[in-house]
Enquirer: 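The structure follows.
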Amino acid sequence: MTTVHSLPSKRDLPSRLQRVFMSRDLELFPRDENGDALWNMHSQGDDLAIAREIDFSIIFPDEDSAIRFAVHLLRNDQKVSFSAYEGNDELPWQVTVHPLMLPAHENISGFEALLASESERFGGRIDGWGCMAQDAA
């Protein structure tokens with residue numbers, strides 16, 4: 001006698017296993033650096049429908065440029081932090097801006113593009129973004 005095994009339906013699987021069977025929606029998670037990061041977050045159970053502070057880092061060649069850019073952001077109602085940066089000898093100063101937003105590809109890529117454009121005249125370069133995970137209920 002042959003035994004036939006079937007996979008349980010998605011609703012019968014624990015949420016951790018449900019993520020294994022997901023397929024990537026390329027409109028929500030395009031195949032680029034931001035899309036890959038967001039897909040990884042989603043796959044690990046991060047609830048991307050919850051807004052949170054997302055930290056965007058911009059690095060600068062000198063302290064004065066970083067401070068002038070930080071002031072520019074403050075004048076545009078952005079929350080910022082400023083520090084020395086040890087990850088790049090040529091760009092040793094960092095400004096991090098902390099907007100509250102949904103972690104969606106369009107939001108993150110759009111804000112990154114705006115920061116890149118605005119920081120260019122100060123000699124800045126985007127160094128990435130990050131945020132705290134919000135567990136899906």
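Note: hydrogens, waters and symmetry copies are ignored here, and every other heavy atom, side chains too, is used.
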Enquirer: Within a strict 4.5 Å, meaning less than it, do heavy atoms of the F29 and L48 side chains meet?
Expert: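 With C-beta onward as the side chain, the pair touches.
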
Enquirer: Hydrophobic cluster membership, with links at side-chain heavy-atom distances under 4.5 Å among I/L/V/M/F/W/Y: are L38 and L102 in one?
Expert: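 L38 and L102: separate clusters.
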
Enquirer: Without swapping roles, check the side chain of D127 against the backbone of S57 for a donor-acceptor pair under 3.5 Å.
Expert: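 Not at all, since once roles are kept as given, no pair shorter than 3.5 Å links the two residues.
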
Enquirer: Taking all heavy atoms of D46 and all of A133, pick out the closest pair and write down the distance.
Expert: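 Result for this residue pair: OD2-CA, 3.3 Å.
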
Enquirer: Mind checking who shares a hydrophobic cluster with I59, ILVMFWY linked at side-chain heavy-atom distances under 4.5 Å?
Expert: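 Its cluster mates, by chain and number, are Y85, L91.
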
Enquirer: Could you tell me if the side chain of F82 sits less than 4.5 Å from the side chain of E63, heavy atoms only?
Expert: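 Side-chain contact under 4.5 Å: yes.
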
Enquirer: Can you hop from M41 to L28 via hydrophobic side chains spaced under 4.5 Å?
Expert: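 Both belong to a single hydrophobic cluster.
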
Enquirer: Evaluate E118 against F69 for side chain to side chain contact (heavy atoms under 4.5 Å, CB included), listing each step before the verdict.
Expert: CA-CA 8 Å; E118 291 292 313; F69 184 66; 3.9 Å; yes

Enquirer: Are side-chain heavy atoms of P103 and Q134 found at a separation under 4.5 Å?
Expert: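 A side-chain contact is absent here, since even the closest heavy-atom pair is not under 4.5 Å.
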
Enquirer: Does R125 reach the side chain of E90, with side-chain heavy atoms less than 4.5 Å apart?
Expert: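 SC-SC contact between R125 and E90 ruled out.
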
Enquirer: In Å and rounded to the nearest 0.5 Å, what is the CD to CD distance from E106 to E27?
Expert: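 The CD atom of E27 is 11.5 Å from CD of E106, to the nearest 0.5 Å.
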
Enquirer: Kindly check if the number of other-residue, nucleotide or ligand heavy atoms within 6.0 Å of CD (E53) is above 12?
Expert: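 Enclosed.
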
Enquirer: How many angstroms lie between CZ in R52 and NE2 in H98, if you round to the nearest 0.5 Å?
Expert: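 R52 CZ to H98 NE2: 15.5 Å, rounded to 0.5 Å.
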
Enquirer: Not counting sequence neighbours, which residues clear side-chain hydrogen bond (donor to acceptor under 3.5 Å, both in side chains) with E112? List them please.
Expert: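 E112 satisfies side-chain hydrogen bond (donor to acceptor under 3.5 Å, both in side chains) with N34 only.
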
Enquirer: Within the 4.5 Å heavy-atom criterion, are L115 and L73 side-chain neighbours or not?
Expert: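 A side-chain contact under 4.5 Å exists here.
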
Enquirer: Please report the closest heavy-atom contact between P61 and P92, naming both atoms and the distance.
Expert: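 Shortest heavy-atom separation between P61 and P92 comes out as O-CD, 3.6 Å.
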
Enquirer: Measure across G123 and F60 and return the closest heavy-atom pair with its distance rounded to 0.1 Å.
Expert: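 Closest approach of G123 to F60: C-CD2, 4.1 Å.
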
Enquirer: How about CG on N76, more than 12 heavy atoms from neighbouring residues, nucleotides or ligands closer than 6.0 Å, or not?
Expert: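 Result for CG/N76: enclosed.
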
Enquirer: Anything under 30° is parallel, anything over 60° is perpendicular, the rest tilted; go ahead and classify F56 against W129.
Expert: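 Ring orientation, 0 to 90° scale: tilted.
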
Enquirer: Do I54 and F111 have side-chain heavy atoms sitting under 4.5 Å apart?
Expert: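 Not in contact.
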
Enquirer: Any non-hydrogen side-chain atom of R24 less than 4.5 Å from a side-chain atom of H42?
Expert: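 Counting from C-beta outward, R24 and H42 never come under 4.5 Å.
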
Enquirer: What's the spacing between D47 CG and D135 CG if we round to 0.5 Å?
Expert: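 CG of D135 is found 9.0 Å from CG of D47.
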
Enquirer: To the nearest 0.5 Å, what is the distance between CD1 on I126 and CD on E120?
Expert: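 With rounding to 0.5 Å, CD1 (I126) is 10.5 Å from CD (E120).
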
Enquirer: Within the structure provided, determine whether H105 and D32 are in side-chain contact (heavy-atom separation under 4.5 Å).
Expert: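 Result yes, sub-4.5 Å side-chain heavy-atom pair found.
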
